[in-house]
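Counting convention: from 1, in listed order, for ligands and their atoms alike.
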Amino acid sequence: MTQHIVIIGASHAGISCAEQLRNLGFSGAITLVDRQVGAPLERPPLSKSFLGSTPEKDEKFLLRRPEWYDRFQVTMIDGVAVDRIEPETHQIGLADGQSLNYDKLILATGAIPRTLPPAAGLGNVHVLRNPDDAAALRRAMQTAATAVVIGGGYIGLEAAASFRKAGLNVHVVEAADRLLARVASPDISAFFLGLHQRHGVKIHTGMTGTKIDHKDGIFTGITLDTGQQISADFLVVGIGVAPESVLADAAGAAIGNGILVDRQMRSTIDDVYAIGDVALIEGAVLRIESVHNAQDTAARAAADITKTPMPDMAVPWFWSEQYDVRLQSAGIVPVGKDDLRYAVRLGKREGGMSVWSYDQDRLVAVEAVHDPAAYMLGKKCLENNVSPAPSDAADSAFDLKTFATGASGVQQDGV
Ligand SMILES: Cc1cc2nc3c(=O)[nH]c(=O)nc-3n(C[C@H](O)[C@H](O)[C@H](O)COP(=O)(O)OP(=O)(O)OC[C@H]3O[C@@H](n4cnc5c(N)ncnc54)[C@H](O)[C@@H]3O)c2cc1C
């Protein structure tokens, strides 16, 4: 019988799972443990509004209000890392010497930023993952004139937009030949390139040999492949994350690019689940890193533990905000394959557009900027497993609404 559930990691996945467990009627004890000090904050604002805000206002970024912990009867242990899992005795060990027994253990340990070896250990070099990282960056912004961001993915670009808004000179350096190369369609990459250039950000793509310049252990700038030297006050390294699977690995769980789990989020160790950014679901092509996925996988683990109906696997979705632009994306944008096709649909609003990505004839993702209606319709098509022909998707006069709801759609097999 499950009396005590321990959740390691009190961020989007861990908190959501505790909440779902209560919503589904679990009445035993729930303990959340996180090595971050203080009440958990939301992650998405950390590269956006948090950087333009002030410490007195940090309360507005709380993931849950203080009263939530009482209301949901969740015990929170913060500021202590878990350093071992003992599956045989159903115990975990904390860095302060405590041990906790569990009946079910949920690993919501997320991911950690990849480091750039030549910049490792230098002063004025930042990553952006946890509230502490964002607070340090916000302090650095106060006295800086020029920032370099290495990595033109969503987090790097969001940070670049925040720095420009604060009046800094900004350089973004990307090794691939386009921004967002691993996560977005070419048209969306081009859209964000233009957006940042119009805001005065200097974008350097195709830079595979960037040198990090430093003096006395402090970052001073970069030298690009072209020989151009750029002096800067700080560097943000935004080159992706690695799953924080070290505890599970040491305990003997099967690990790939994440903790391997089945569709109920069960790891290969009895009574141990993994959810959120750290989990890799069997059969999935990749690990998903988004708030929606954190919540969705939390709900699946909670349903399994409480023996309540398993929610359907949802279509993944994601958003990004840069300047006054909101991107919404549904599905997984395919990259690096031969048979990809794209349709661009102009939106009703000025500057609005959506990109519909196809793997052969199958619609697999829709990305929309300034066009929430197209995003909703695209998501509906993906949920209903119907693919409009690319020429129809690109035709603003085509009635996508009727099509998306299945009235005239052709169901596809096998998703
Ligand atoms: C700056 C930023 C902006 C983002 N913007 C967006 C966005 O716009 N839209 C979107 O959908 N997603 C966004 N994301 C992604 C989203 O925030 C993540 O997918 C989400 O936070 C994953 O939640 P998680 O709980 O799985 O992991 P995490 O948020 O990584 O949390 C893991 C927690 O586990 C704790 N932990 C790890 N190991 C231990 C241990 N051994 N002992 C104790 N505690 C431990 C960590 O301290 C951490 O608090 C953004 C992420 C970042 C960093």
Side-chain angles (χ1 to χ4, degrees), residues 6-18 31-51 61 63 76-85 92-96 98 100 105-114 126-135 137-138 149 151 153-162 183 236 238 240-251 258-259 261 265 273-280 287-298 301 316-322 325-330:
V6 175
I7 304 175
I8 309 176
S11 179
H12 290 275
I15 295 256
S16 182
C17 193
T31 306
L32 271 166
V33 189
D34 201 296
R35 61 187 172 199
Q36 284 277 299
V37 176
L41 301 187
E42 288 185 76
R43 282 1 185 218
L46 299 182
S47 48
K48 309 177 184 84
S49 50
F50 183 94
L51 292 177
F61 302 108
L63 200 42
M76 172 82 202
I77 303 176
D78 69 307
V80 193
V82 175
D83 59 13
R84 64 178 195 288
I85 303 170
I92 60 164
L94 275 55
D96 63 2
Q98 280 187 76
L100 294 176
L105 177 66
I106 298 172
L107 302 175
T109 46
I112 47 171
R114 289 188 197 286
H126 297 263
V127 291
L128 192 42
R129 179 76 196 177
N130 286 315
D132 289 355
D133 303 327
L137 198 48
R138 191 168 61 181
V149 177
Y154 280 118
I155 288 181
L157 291 181
E158 288 175 355
S162 301
V183 286
V236 175
V241 294
E244 180 56 301
S245 49
V246 60
L247 280 175
D249 197 9
I259 303 173
V261 290
M265 312 313 292
Y273 294 72
I275 58 174
D277 278 16
V278 77
L280 178 63
R287 219 169 30 80
I288 299 175
E289 296 161 12
S290 73
V291 168
H292 166 250
N293 177 64
Q295 293 166 342
D296 192 52
T297 53
W317 57 266
F318 175 83
W319 79 95
S320 175
E321 284 156 8
Q322 296 166 45
V325 170
R326 186 173 172 87
L327 166 113
Q328 293 166 289
S329 171

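Taking both residues in full, the closest heavy atoms of I106 and C17 are given as CD1-SG, 3.6 Å, listed atom of the first, atom of the second, then distance.
Checked for salt-bridge contact, R129 and D277 meet the test: a charged N lies under 4.0 Å from a carboxylate O.
In this structure, R114 has no side chain to side chain donor-acceptor pair (under 3.5 Å) partners at least two apart in sequence or on a different chain. Listed by chain and residue number, nothing satisfies the salt bridge (Lys or Arg N to Asp or Glu O under 4.0 Å) test with E42 (two or more places apart in sequence, or in another chain). Every salt bridge (Lys or Arg N to Asp or Glu O under 4.0 Å) that R35 has, sequence neighbours left out, goes to E244.
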Need the list: ligand 1 N/O atoms against protein N/O atoms, distance under 3.5 Å, rounded to one decimal.
| from | atom 1 | to | atom 2 | distance (Å) |
| --- | --- | --- | --- | --- |
| ligand 1 | 5 (N) | K48 | NZ | 3.1 |
| ligand 1 | 8 (O) | K48 | NZ | 2.6 |
| ligand 1 | 8 (O) | W319 | O | 3.0 |
| ligand 1 | 9 (N) | W319 | O | 3.3 |
| ligand 1 | 11 (O) | V291 | N | 3.1 |
| ligand 1 | 19 (O) | D277 | OD1 | 2.7 |
| ligand 1 | 19 (O) | D277 | OD2 | 3.3 |
| ligand 1 | 19 (O) | S290 | N | 3.0 |
| ligand 1 | 19 (O) | S290 | O | 3.4 |
| ligand 1 | 25 (O) | H12 | N | 3.4 |
| ligand 1 | 25 (O) | A13 | N | 2.9 |
| ligand 1 | 26 (O) | D277 | N | 2.9 |
| ligand 1 | 29 (O) | S11 | OG | 2.6 |
| ligand 1 | 30 (O) | R129 | NE | 3.4 |
| ligand 1 | 30 (O) | R129 | NH2 | 2.7 |
| ligand 1 | 31 (O) | S11 | OG | 3.4 |
| ligand 1 | 34 (O) | A108 | O | 3.4 |
| ligand 1 | 41 (N) | V82 | O | 3.1 |
| ligand 1 | 42 (N) | V82 | N | 2.9 |
| ligand 1 | 44 (N) | R35 | N | 3.1 |
| ligand 1 | 47 (O) | D34 | OD1 | 2.7 |
| ligand 1 | 49 (O) | D34 | OD1 | 3.2 |
| ligand 1 | 49 (O) | D34 | OD2 | 2.7 |
| ligand 1 | 49 (O) | R43 | NH2 | 2.8 |

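Interatomic distance, CE of M265 versus OG1 of T297, reported as 4.5 Å (0.5 Å rounding).
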